[in-house]
Structures are given as structure tokens and as C-alpha cells.
Number of protein chains: 2
Amino acid sequence: MHVTPRQKEILDYLGRHIEKKGYAPTIEEIGEHFGLSSLATVHKHLTNLQEKGLIKREWNRSRALELVPSQVKVKAVELPLMGRVAAGTPIEAVQSTETIFVPEDMLGRRETYVLQVKGDSMIEEQIRDGDYVIVEDRKQARDGEMVIALLDRENVTLKKYFRESGGRVRLQPANSRMKPIYVEQGDLRIQGVVIGVLRKY
Amino acid sequence: MHVTPRQKEILDYLGRHIEKKGYAPTIEEIGEHFGLSSLATVHKHLTNLQEKGLIKREWNRSRALELVPSQVKVKAVELPLMGRVAAGTPIEAVQSTETIFVPEDMLGRRETYVLQVKGDSMIEEQIRDGDYVIVEDRKQARDGEMVIALLDRENVTLKKYFRESGGRVRLQPANSRMKPIYVEQGDLRIQGVVIGVLRKY
DNA sequence: TGACTTTCGCCTAATCTTCGCCTACCCTTC
DNA sequence: GAAGGGTAGGCGAAGATTAGGCGAAAGTCA
């Protein structure tokens, strides 16, 4: 992407202005800052910058101009930390205001949120106490997937999901010291499926 | 999203008012605050803000107005995937062009990069084959930290770092079937320290 | 009914687009 | 090395649209 020196100056100015004031400058203000007396000049510069994909503009709108984030930095999304979930026992459905940043390419196709794992019940799946699991909001799961399961409308746990014969479901902890839970399909509501793990040291 | 100076003033005022009082101002209160005598003016401003997606309103409800949280999409950084590292044996210092997105708040203070883990040598630290470890480029490590270690200028491995008496260092795999390696401090070069783990299902 | 919100019409000021015309470089070609 | 051709960078002014305002009247909600 070749920008000319002049174009880079303008780009930098736009960035600083937006950063400081919270809104973009007018074409006249830009011209004034660079000592240009003709609006047409500034307008042409902006058009060039737009064609190079460095800024976006809305047609004929006042100050409707924003910088296109350079490609290197890509978006991550701030997901709500919905609570802590243990595998053995219930949950702390903490309605916290905490959030976790997750890279955009780790998101699922639907609503996605984050839970912090409590306890070592999934230790054999290499998920340890304190890890964050990224959960996709889904009501259906396939065999072997890790699910956030709601039992008897009260207990929420993190388990691996397996269908058994006779319409029953086995919820399997990944810890050989813990026993699986068997439930009727009707008594189980799947809240979501784990699609990623994130750990900070 | 592009706001004009006036719109930003109003937006800021709304934020402060809601923050302080706990509820939004009426249209008349807004007008009064800005010295506007016509409700229509304020109403038009609110409509504009709404069209720009900065506030939400319920139709014809008193004080039914709230700020749309500015999409706090925060940056994630695209880090180079420098290669794959096994714990037991050497490395594949692949000079690949792959990259991984990592949330900005998981970065270290220095240069940071990503390695994909090969093998189960760190399984007891809940790092499994295929996981990505986020590595901060550092030459020093503290006891117990996981390091990328370069031995005899050739073999790179992922191990836990412990200083022993006599100027020696113990590099400990997290797998009871593997033995630790003991090296002289001079023969060891630390390439980086693991500061995070990322897994995708 | 009282407290607010919406709408309608009408203005002015602030801003954005376009058009025509120029000069100075930079790259390519003869 | 000189001559084109193309593009960046500029100037002014005319024409158009949006932003920002005013009052009054009508419509809603609790």
C-alpha cells in the first residue's frame, strides 16, 4: 500500500484528531491545518485515501469519516464472563460484570460466552481449575463434546456428552475419581458446548 | 461511528446524567441544559443519535433512553506461529507463515510469539498435543516457570525450569514417564517463557 | 389530567461535492 | 537524455445536502 508523504501526514492528523476530540474534523479544518485554501484539494486527498482503503466515508455526511484499522490488528471480542462452573457439583451462576477478550476467530457461529472452570473434574481433558472455557450457545450436542448441562433446573455442570441406549444420556467427567451421571433426555437441558480453552499464567 | 461535536456533547451529557442520577433526562431537561428552547431540536438530535446506533429509545416512553455501549471491540494481535515444539525431543523450528490471533491482554511486556505443542510431554500441566502456547521472549526465568529452552545450540524443548545447587538447572517435563534433563547453566539458553495457553476444539 | 414525547413547517449555518484549470514530479519510451 | 503520459497536489467558486434551531400543535402513557 503506497501512501505518499502527504497522504500519511493527513492520515496521521485524522487519527490524532479523532483520538483527541472523539469526532472527525471537517474538510475545512483539515485544509486549515495543512494550510490548504481549497476544499477541493482536501476532498481529493480524502477520495484518494478512500480508494486506497485507508479510510471510510459516508456520502455527504458531516464529519462522516473514520479510519480503517490496519490489517495487522484484528478484532477480538469482549465476551461476558457468565460465571464459574464446576464439574462435580452445581454452579455459581455469578452475574459478574467481568469480561474476557477472545480472538474473533475462536468464536462460534452463535452467541458465545465464557465460563471460568472451578475444580479439577475435567483434568483429564487438560482443563484445569481457573481455566476459561469458551462456550457456544447451542441446545444440541454430538457425542463426545463437552457441554454445559442444566439438570433438574438447578444444577449446572461441565461434562462430556454421550447418548446411551434407551433415550438416556451419560454425562461423563474427565476425572477417573468421579462418576458419570445418567439422566433421561427430557431432564437435561444443554446450555452450550465448549469450543475453546484459554489459560493465563 | 461519526459524531458531530454537538452530538458528542449530547452523548456525553446523557452518559453523565444516567451515571449520576440513574435515569435518563427528559427531552426538556436536555434542551434546558444546552440552552435550546425547542423540544423539536432535541428530539431531532436524539433521532440522529439513534440512527447512528449510539442510543436506544423506546417509543413514546418517558425517559426511555439508554446508551448503546460502544462496541468495545478491542484489538487482538496476530502473532507469528514460529513452529512446533515437543518436550521430549528437538523441535521443528518451522519458519511457517501461519499466524494465530491472540487477545491483547494476554500479551507479555516484550516480544511475544506462539508455538504449537507437539506431544504429551507437558500433559500433567494440562497442555496437550496441538495446543498453542503463548511465549514471551525472555532470557531469564524463575523457578517453576515453563520455558522454551535451547540446549547445545540445537535442541529446543518445552520444560519447567528449576535451579539446582551447583549452578545446574533441572528441566522438568510434566509427564511422569519422562525424565528430567540436567544441564549446566552455561549450556542453556532460554528462548522464552510460556505465559498462556490457547486451545481450539 | 399532567408529564412527556412526536410531528410539521420553516429557517440559517455548517459542510460536502463537483467542475475547470494549473504545476510539479515520476516513470516509460524513443 | 528528452518527450510524453499519468498522478499527486493545489486553487476558487457554484450547487446541494445535512446539521442545528424555533414554535406550536397533536399524540401517548400512567
Atom CD of Glu9(B) to atom P of dA19(D): distance rounded to whole Å? 16 Å
For a quick test of reading the model: is some side-chain N or O of Ser62(A) closer than 4.0 Å to OP1 or OP2 of dT17(D)? no
Minimum-distance nucleotide to Ala40(A) side chain [options: dT15(C), dT18(C), dA8(D)]: dT18(C)
Lys21(A) and Glu29(A) ion-paired at < 4.0 Å: no
Does Ser38(A) contact dG10(D) through a side-chain donor or acceptor facing the base, at a distance under 3.5 Å? no
Roughly, in whole Å, what's the span from NE2 in His45(A) to P in dT17(C)? 15 Å
Atom CG of Asn60(B) to atom P of dA26(D): distance rounded to whole Å? 16 Å
Please report, rounded to the nearest Å, how far the P atom of dT7(C) is from the CG atom of Leu46(B). 12 Å
Roughly how many Å is it from NZ in Lys8(A) to P in dG9(D), rounded to a whole number? 14 Å
Thr4(B) side chain: which of dC22(D), dT6(C), dA19(D) is closest? dA19(D)
Select one nucleotide: of dC22(D), dT6(C), dG20(D), the one nearest the side-chain heavy atoms of Gln7(B). dG20(D)
State whether Glu66(A) and Arg57(A) are salt-bridged, where the test is any N-O pair (Lys NZ or Arg NE/NH1/NH2 against Asp/Glu carboxylate O) under 4.0 Å. no
Using a strict 4.0 Å threshold on nitrogen-to-oxygen distance, state whether Asp12(A) and Lys8(A) make a salt bridge. yes
From C-beta outward on Arg63(A), which listed nucleotide comes closest to its side chain: dG20(D), dT15(C), dA13(D)? dT15(C)
Pair Glu145(B) + Lys160(B): basic N to acidic O under 4.0 Å: no
Rounded off to whole Å, could you give me the CZ-to-P distance for the Arg6(B) and dT15(C) pair? 12 Å
Nearest-nucleotide wise, let me know which of Lys44(B) and Leu39(B) is further upstream toward the 5' end of DNA chain C. Leu39(B)
Give me the residues of residues 22-34 of chain B where at least one heavy atom lies under 4.0 Å from an atom of DNA chain D, by number, or none. none
Between dG20(D), dT18(D), dT17(C), which one does the side chain of Arg61(A) approach most closely? dT18(D)
Around atom CD of Glu28(A), are there more than 12 heavy atoms of other residues, nucleotides or ligands at under 6.0 Å? no
Could you tell me whether Thr41(A) contacts a base, only the sugar-phosphate backbone, or nothing, with contacts defined as non-hydrogen atoms closer than 4.0 Å? base
Do Lys159(B) and Arg170(B) have side chains that get closer than 4.5 Å, going by heavy atoms? no
Does dT6(C) have its OP1 or OP2 closer than 4.0 Å to a side-chain nitrogen or oxygen of His43(B)? yes
Pairing of Glu19(A) and Arg16(A) as salt bridge, 4.0 angstrom limit: no
Is the shortest side-chain N/O distance from Arg57(B) to OP1 or OP2 of dT6(C) below 4.0 Å? yes
To the nearest Å, give me how far apart CG (Leu54(B)) and P (dA19(D)) are. 13 Å
Within the distance-only criterion (no hydrogens, no angle test), does the side chain of His17(A) pair as donor or acceptor with the backbone N or O of Tyr23(A) below 3.5 angstrom? yes
Given dT15(C), dG21(D), dT17(C), the nucleotide with the shortest approach to the side chain of Trp59(A): dT17(C)
Separation of atom CD in Glu58(A) from atom P in dT15(C), rounded to whole Å: 17 Å
